[in-house]
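It should be emphasised that the depicted structure is a prediction, and the values quoted were computed from it without experimental measurement.
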Amino acid sequence: MTFLITGGGTGGHLSIAASLLNALKERGHKAIYIGSMSGQDQKWFLNEMGFEEKYFFETTGVVNQRGLGKLKALFKIFKAFFKSRKLIKNLHVDAVISVGGFSAAPASFAAVTLKVPFFIHEQNAVTGRLNALLQSSSSAFFSSYDETSPIKGYPVNTLLFKTAHIRKDIKTIIFLGGSQGAQFINDLALKMAPELNARGINIIHQSGERDYERLKNEYKRLNIHVDLFGFTKELSKLLEQSDLAISRAGASTLWELCANGLPAFYIPYPYAAGDHQFYNAKFLVDKNLAWCERQSDDLHVNILKVLDEDISKMSEGLTHLGGDNASQEIVEYIEGVVTC
């Protein structure tokens, strides 16, 4: 069968697309991708050989635009919608899978209007606006937070399950600001670095590419060795080395940490749509499987308090949350719907 995966913008959406691509190829299907020239879509998939074909349209988000900017964004989506319809028909697409994000809009609406089987994966605890709009038109809606979801596992790199282990002591901390980095977490890491260094705790830090040089110079000035990187698609190797993550609460990052059994102190991005990062983290906090606090000037004091806690039960509990074959299960479910 021929599947079309659409969506992206940020690493959270794109990591799901990558996991589903691997599952599709393992089961012998053809995969096509439609994304955007904006965001990180091209960085992830421009050179990805797993897709038979890839298309990147000139689209942008609508929600954060105002006035004329909103109209321009809608017009770009409208143009890409007709291109998507033509591609879906000419390539004889059997099913379309949306992983969310603004770049999913053209192909998603095209699938619905062409009555091609259409599936949605919602990554967050709070459903995004596009997914909420199209949910009733979908053949299935997958969400790890929704009790009615036919598959509750979250698609992540299977290597994270293979390298999962129970953490007992905190010897290495990884700071994660998401695929684009987060200045608050970057500054927090710099503030905490002298104390962590004095305690003999190693630091791994994903800064985002925009802030990489500043942090490199600051750590050099502090004379503290840090495993610093701007962007990497080899995150699984770094998580394996870590005992605690200090992180934003984007859904893909959250479930990657769960898969690896890595406890985390979450600091939700305060301007996330619908405050979804807070609710992502709350899902774990309510199960006593994570810490979560809002941004504040003295947050580092509260984080330092958890460094001496026994994290083994939390680490073990995280590994029981999701299966290690969610991507395969989603693809198998879609196969069953399409062939009925």
Side-chain angles (χ1 to χ4, degrees), residues 1-8 12-35 44-45 48-54 87-88 91-101 104 107-108 110-112 114-125 127-128 130-131 134-164 236 251-252 254-256 258-260 283 318-340:
M1 287 192 286
T2 299
F3 287 75
L4 189 153
I5 299 176
T6 187
H13 300 289
L14 292 161
S15 64
I16 297 170
S19 295
L20 291 171
L21 169 64
N22 290 335
L24 288 170
K25 300 307 290 185
E26 286 175 8
R27 296 185 66 79
H29 298 298
K30 293 175 62 177
I32 298 161
Y33 177 74
I34 289 181
W44 276 70
F45 293 144
E48 172 56 65
M49 302 303 294
F51 286 112
E52 300 286 328
E53 298 188 44
K54 296 156 287 188
L87 286 171
I88 290 172
L91 297 173
H92 306 291
V93 171
D94 296 294
V96 174
I97 309 172
S98 168
V99 298
S108 296
V112 171
L114 290 170
K115 299 189 185 304
V116 172
F118 172 60
F119 303 84
I120 296 173
H121 184 279
E122 172 55 58
Q123 62 168 320
N124 292 304
T127 303
L130 177 65
N131 287 349
L134 293 174
Q135 182 174 358
S136 62
S137 300
S138 66
S139 301
F141 185 86
F142 305 106
S143 169
S144 298
Y145 309 92
D146 187 346
E147 288 300 321
T148 65
S149 173
I151 307 294
K152 296 182 177 60
Y154 195 98
V156 299
N157 186 339
T158 55
L159 185 60
L160 290 164
F161 292 98
K162 295 176 182 177
T163 59
S236 59
S252 286
L254 182 146
W255 287 101
E256 286 168 350
C258 289
N260 202 242
F283 178 79
L318 291 170
T319 63
H320 297 315
L321 275 184
D324 60 358
N325 59 347
S327 298
Q328 289 280 356
E329 290 177 356
I330 288 173
V331 171
E332 288 176 17
Y333 183 91
I334 293 174
E335 288 172 343
V337 173
V338 174
T339 57
C340 282

Side chains of [X] and [Y]: does their closest heavy-atom pair fall under 4.5 Å?
X: Ile330; Y: Pro155; result: yes
X: Val331; Y: His29; result: yes
X: Glu53; Y: Leu91; result: yes
X: Ile5; Y: Leu24; result: yes
X: Glu256; Y: Leu160; result: yes
X: Leu254; Y: Cys258; result: yes

Kindly state each residue pair satisfying salt bridge (charged side-chain N to carboxylate O under 4.0 Å, His left out) with at least one member in residues 14-33, sequence neighbours excluded.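 Salt bridge (charged side-chain N to carboxylate O under 4.0 Å, His left out) check on residues 14-33 returns Lys25-Glu52, Arg27-Glu332, Arg27-Glu335.
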How close do [X] and [Y] get, counting heavy atoms only, and between which atoms?
X: Ser98; Y: Asn131; answer: OG-OD1, 4.2 Å
X: Ser15; Y: Ser252; answer: OG-OG, 2.9 Å
X: Ser108; Y: Leu134; answer: CB-CD1, 3.5 Å
X: Ala18; Y: Trp44; answer: CB-CZ3, 4.3 Å
X: Ile88; Y: Ala107; answer: CD1-O, 4.0 Å
X: Gly153; Y: Ala326; answer: C-CB, 3.4 Å

Single hit among Phe161, Trp255, Phe142 for ring pair (Phe, Tyr, Trp, His ring centres under 6.0 Å) with Tyr154: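 Among the candidates, only Trp255 passes.
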Donor-acceptor contact present, side-chain Tyr145 to main-chain Lys152, <3.5 Å: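 It does not hold such a pair.
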Keeping the roles fixed (side chain from Gln123, backbone from Val99), state whether a donor-acceptor pair exists under 3.5 Å.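 It does not hold such a pair.
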Kindly compute the distance separating [atom1] ([X]) from [atom2] ([Y]), expressed to the nearest 0.5 Å.
X: Gln328; Y: Leu20; atom1: CD; atom2: CG; answer: 10.0 Å
X: Leu21; Y: Leu14; atom1: CG; atom2: CG; answer: 11.5 Å
X: Phe45; Y: Ile34; atom1: CZ; atom2: CD1; answer: 13.5 Å
X: Phe118; Y: Phe141; atom1: CZ; atom2: CZ; answer: 10.0 Å
X: Ile151; Y: Ser327; atom1: CD1; atom2: OG; answer: 10.5 Å
X: His121; Y: Ser144; atom1: NE2; atom2: OG; answer: 5.0 Å

Val338: side chain to side chain contact (heavy atoms under 4.5 Å, CB included) partners, not counting sequence neighbours: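 Val338 satisfies side chain to side chain contact (heavy atoms under 4.5 Å, CB included) with Met1, Asp94, Ala95, Pro117, Phe119, Ile334 only.
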Evaluation steps, side-chain hydrogen bond (donor to acceptor under 3.5 Å, both in side chains), between Thr163 and Asn260: CA-CA 7 Å; Thr163 59; Asn260 202 242; 3.0 Å; yes
